[in-house]
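Single-structure report; data block below.
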Amino acid sequence: MPLGQKGEIELSNIGIAEKPKQREYLFDNYKVFLIVLVVIGHFIEPSYDQNPYLHELKWAIVAFHMPAFIFISGYFSKKTPSLKKLLGSLVIPYFVYELLYYLLYTLILHKDTGLYFARPKFSLWYLMALFAWRIMAPVVRKIPGHLFLSIAAGLLIGIADLGNFLSIPRIFYFFPFFLAGMNFETEWLDRFRNKWGFLGALGILAGFTVFLFTDQYHDRLSPYIFYGRYSYYGMDMNNTEGILVRMLCYLISFLLIYLFMLVLPREKKSYSYLGQRTMAIYIFHGMVYNCIKYKTEILSSVRSSGQSLLLILFCLFLVWLLSRKPFVRVTDKISHLV
């Protein structure tokens with residue numbers, strides 16, 4: 001999940017007596033890549049089924065971008081935070097952003113909605129889920145085989161039709177990625193971080209791309225199978241098919257998470273600083289998206305490849321714009337109200 005510049009748990013703040021660890025720019029670069037995909041994924045939502053390239057791009061994005069963000073959030077949650085820190089960095093910001101989205105929807109967009117704190121608006125489910133994961137993880141990790149048990153829970157939750165209440169379906173579906181991130185050590189991939197590992201990962205990613213454009217089965221499904229929000233019944237699948245499809249989703253998502261670790265740069269880049277500002281981009285891009293979506297027909301009218309390219313370029317510009325200091329200061333202050 002996108003975390004603020006000061007809101008994320010920095011590895012260098014473990015203790016005064018310990019030698020600060022060098023910043024892991026792999027994860028900064030990874031978060032930059034992912035937040036770009038988050039923005040693009042939302043902005044192509046109204047039109048992805050009108051263009052074959054956007055259609056497959058949508059599938060590629062949802063297959064791993066949120067699982068990867070959750071994995072990284074888990075990786076930086078190895079140290080159990082205090083309840084006060086969780087309340088200040090997650091709970092209070094959740095209520096503040098819910099209120100802001102409510103005001104946006106009712107006063108500006110004139111949408112018929114209410115102030116439903118138990119049903120998160122737009123992408124704010126992540127703040128609720130991250131709070132739940134950080135509370136649950138220290139207890140669950142003491143259970144033998146906890147990762148496999150969490151995957152089983154993620155499979156079974158798809159049988160229930162709970163809707164968006166407290167983000168419960170998403171909390172259970174994505175929890176394995178958070179736990180995997182907490183258990184992960186970067187040294188595990190060192191043996192693969194060489195020329196052959198890089199080329200091998202690229203080859204598999206290229207094969208996945210070819211698969212998206214040639215496979216016909218996934219075209220009969222909805223990208224929502226990766227959202228974790230909807231029940232199997234809600235996606236027109238029986239429980240058996242739904243569980244099998246979700247198992248495949250887990251396999252694909254985990255594979256892509258690790259493959260991109262092998263191809264993304266580990267060194268500091270000119271854009272690496274954006275990885276420390278993803279919270280501002282995450283929060284404010286949703287407001288921009290909703291304004292454009294409900295006040296214009298621009299997003300739903302994207303069809304040609306040229307229009308698709310312009311939309312993607314706009315998303316890149318928006319990522320840069322929302323990473324500027326005025327937006328970052330707002331989200332940082334909100335995450336430090338207590």
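As a basis for the values below, the full set of heavy atoms in this structure was taken, side chains included, without hydrogen atoms, waters or symmetry mates.
Within the structure, salt bridge (Lys or Arg N to Asp or Glu O under 4.0 Å) contacts touching residues 176-188 (residues at least two apart or in different chains) are Lys78-Glu185. Among residue pairs with one or both ends in residues 47-70, those qualifying as salt bridge (Lys or Arg N to Asp or Glu O under 4.0 Å) are Glu45-Lys58; sequence neighbours excluded. Every pair passing side chain to side chain donor-acceptor pair (under 3.5 Å) that includes a residue from residues 143-165 is listed here, sequence neighbours excluded: His146-Asn183. Residues in residues 194-212 take part in no side chain to side chain donor-acceptor pair (under 3.5 Å) pair, two or more places apart or across chains.
Around the CZ atom of Phe226, the shell of radius 6.0 Å holds more than 12 heavy atoms that belong to other residues, nucleotides or ligands. Environment of OH in Tyr233: sparse, with no more than 12 heavy atoms of neighbouring residues, nucleotides or ligands closer than 6.0 Å.
Side-chain contact between Val62 and Tyr224 is absent, with no heavy atoms from C-beta onward closer than 4.5 Å.
Proximity of the aromatic rings of Trp59 and Phe208 is defined here by a centroid distance below 6.0 angstrom, and this criterion is not met. In summary, the aromatic rings of Phe69 and Tyr30 are positioned with their centroids too far apart to meet the 6.0 Å limit.
Side chain of Gln50 to backbone of Val302: a donor-acceptor contact under 3.5 angstrom is found. Looking only at distances, a side-chain donor or acceptor of Arg246 sits under 3.5 Å from a matching main-chain atom of Gly154. Without hydrogens or angle criteria, Lys121 side chain to Leu100 main chain gives no donor-acceptor distance under 3.5 Å. No donor-acceptor pair under 3.5 Å is formed between the side chain of Asp332 and the backbone N or O of Val328. Between the side chain of Ser308 and the main chain of Ser304, a donor-acceptor pair closer than 3.5 Å is present. No donor-acceptor pair closer than 3.5 Å links the side chain of Glu241 to the backbone N or O of Met237. At distances below 3.5 Å, not a single donor-acceptor pair connects side-chain atoms of Tyr282 with backbone N or O atoms of Val38. Between the side chain of His285 and the backbone N or O of Ile281 there is at least one donor-acceptor pair closer than 3.5 Å.
To the nearest 0.5 Å, atoms CG (Leu162) and CZ (Arg170) are separated by 13.0 Å. Annotation: the span from Leu109 atom CG to Leu103 atom CG amounts to 11.0 Å, rounded to 0.5 Å. Glu24 contributes atom CD, which lies 10.5 Å from atom CD1 of Ile72 (distance to the nearest 0.5 angstrom). In this structure, CD1 in Ile135 is found 5.0 Å from CG in Leu86, a value given to the nearest 0.5 Å. With rounding to the nearest 0.5 Å, the separation of CG in Asn51 from CD1 in Ile44 is 9.0 Å. For the atom pair Leu124 CG and Tyr97 OH, the distance stands at 9.0 Å (nearest 0.5 Å).
Nearest heavy atoms, Pro46 versus His42: CD-O, 3.8 Å. Of all non-hydrogen atoms in Tyr94 and Phe117, the two that sit nearest each other are OH-O, 2.5 Å. Looking at every heavy atom in both residues, Glu98 comes nearest to Pro120 through OE2-CA, 3.1 Å. Taking every heavy atom of both residues into account, Arg303 and Ser300 meet most closely at NH1-O, 4.2 Å.
For Lys111 and Tyr105, the positive end sits near the middle of the six-membered ring, less than 6.0 Å away and at most 45° from its axis. Judged by the 6.0 Å and 45° rule, Lys31 forms a cation-pi pair with Phe76.
Considering only residues two or more places apart in sequence or on other chains, Arg329 meets the side-chain hydrogen bond (donor to acceptor under 3.5 Å, both in side chains) condition with none of them. Looking at residues two or more places apart in sequence or on another chain, you find a salt bridge (charged side-chain N to carboxylate O under 4.0 Å, His left out) between Arg193 and Asp190. Ser231 is linked by a side-chain hydrogen bond (donor to acceptor under 3.5 Å, both in side chains) to nothing, counting only residues two or more places apart in sequence or in another chain. A search for ring pair (Phe, Tyr, Trp, His ring centres under 6.0 Å) contacts involving Tyr271 returns nothing, not counting sequence neighbours. Tyr273 pairs by the ring pair (Phe, Tyr, Trp, His ring centres under 6.0 Å) definition with nothing, not counting sequence neighbours. By the side-chain hydrogen bond (donor to acceptor under 3.5 Å, both in side chains) test, Arg266 is found to be paired with no residue, residues two or more places apart in sequence or in another chain being considered. When the ring pair (Phe, Tyr, Trp, His ring centres under 6.0 Å) test is applied to Tyr289, the partners found at least two apart in sequence or on another chain are Phe43, Phe122.
Under the 4.5 Å side-chain heavy-atom criterion for grouping Ile, Leu, Val, Met, Phe, Trp and Tyr, Met136 is connected to Leu166 within one hydrophobic cluster. Hydrophobic clustering (ILVMFWY, side-chain heavy atoms < 4.5 Å, transitive): Ile334 and Val91 are in one cluster. A continuous path of hydrophobic side-chain contacts links Leu107 to Phe95 [ILVMFWY only; heavy atoms under 4.5 Å]. Linking ILVMFWY residues whenever their side-chain heavy atoms come closer than 4.5 Å, directly or via other members, leaves Leu299 and Leu310 in distinct clusters. Hydrophobic clustering (side-chain heavy atoms under 4.5 Å, transitive across Ile, Leu, Val, Met, Phe, Trp, Tyr) groups Leu251 together with Ile61.
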Q.
If you apply the rule ring-ring contact (aromatic ring centres under 6.0 Å, His included), what do you find for Phe178 with Phe71, and how did you get there?
A. CA-CA 5 Å; Phe178 188 82; Phe71 181 94; 9.9 Å; no
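Ring geometry, Tyr173 versus Phe177: the interplanar angle exceeds 60°, so the pair is classed perpendicular (tilted spans 30 to 60°).
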Per-pair distances, 0.1 Å, donor-acceptor, side chain in residues 253-265, under 3.5 Å, sequence neighbours excluded:
unit_1 : atom_1 : unit_2 : atom_2 : d
Ser253 : OG     : Ala63  : O      : 2.5
Ser253 : OG     : Cys249 : O      : 3.0

